[in-house]
Amino acid sequence: MILDLRQFENFPAHLSLRAQPGEVVIDYESVVQVNDAQLDLDIQKSGEEFFCQGQARASVRLTCARCLEEFDRELANTTDFIVCSKQWHDNHRDVKDNEDYIFFEGGDLQADVTDMVRQAVIISMSMKPLCSEDCRGLCASCGANLNEKSCGCKTEQTDERWEALRRLSGLT
Ligand SMILES: [Zn+2]
Ligand SMILES: [Zn+2]
């Protein structure tokens, strides 16, 4: 996703950028694909720096950690970074400065902001995404998706927390 600052004559400016299909790739276990991603930014210019603040939004196809079915989820997160030339940054900013910087590629006021969108989306994602908070998961015996049917297997209600406790105390 290329942020092209040449289009603005006055600041502050507002910009909406939409990802091309397949442009944002998230290499994360539960992510099947990024369906769509968008970045909305307010941009303020100060000297040689462009301060960008806004929101990244994405529709992401995920795999449920319990029932393993795929589902789509809308994710959103704020993002905040500064765009400037690398040369200017190296001459004026301390490396210990903990702002997020993106540098122009060449001298032409264009910068690739795909990584900022990817990071914002990853941070908004839970480690174990669930298709619904009360997803019933899969039967431990026959593997049936318990959201769709009850299989009739005589298994104890498995609760992951109890499972872990049992394993710890050597009862299984
Ligand atoms: Zn599920
Ligand atoms: Zn079963």
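Atoms within a ligand are numbered from 1 in the order they appear, just like the ligands themselves.
The set of protein atoms (N, O or S) found at less than 2.8 Å from the Zn ion (ligand 1) reads C64 SG, C67 SG, C131 SG, C135 SG, by chain and number.
Residues forming a salt bridge (charged side-chain N to carboxylate O under 4.0 Å, His left out) with D134 (at least two apart in sequence, or on another chain): none. With sequence neighbours excluded, no residue satisfies salt bridge (charged side-chain N to carboxylate O under 4.0 Å, His left out) with D27.
Side-chain atoms of S124 and N77 form no donor-acceptor pair, as typed in the model, at a separation below 3.5 Å.
At least one side-chain heavy atom of V31 sits under 4.5 Å from a side-chain heavy atom of L62.
Salt-bridge check for D36 with R18: passed, with a basic side-chain N closer than 4.0 Å to an acidic carboxylate O.
Note: angle at the Zn ion (ligand 2), from SG of C142 to SG of C139, is 110° (rounded to 10 degrees). Angle SG(C151) to the Zn ion (ligand 2) to SG(C153): 110° [nearest 10 degrees].
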Worksheet item: Please walk me through it: do F11 and F50 pass ring-ring contact (aromatic ring centres under 6.0 Å, His included)?
Response: CA-CA 9 Å; F11 291 91; F50 296 86; 5.4 Å; yes

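Applying the side chain to side chain donor-acceptor pair (under 3.5 Å) test to pairs two or more places apart or on separate chains, those with a residue in residues 41-50 are H14-D42, E49-R93, E49-Y101.
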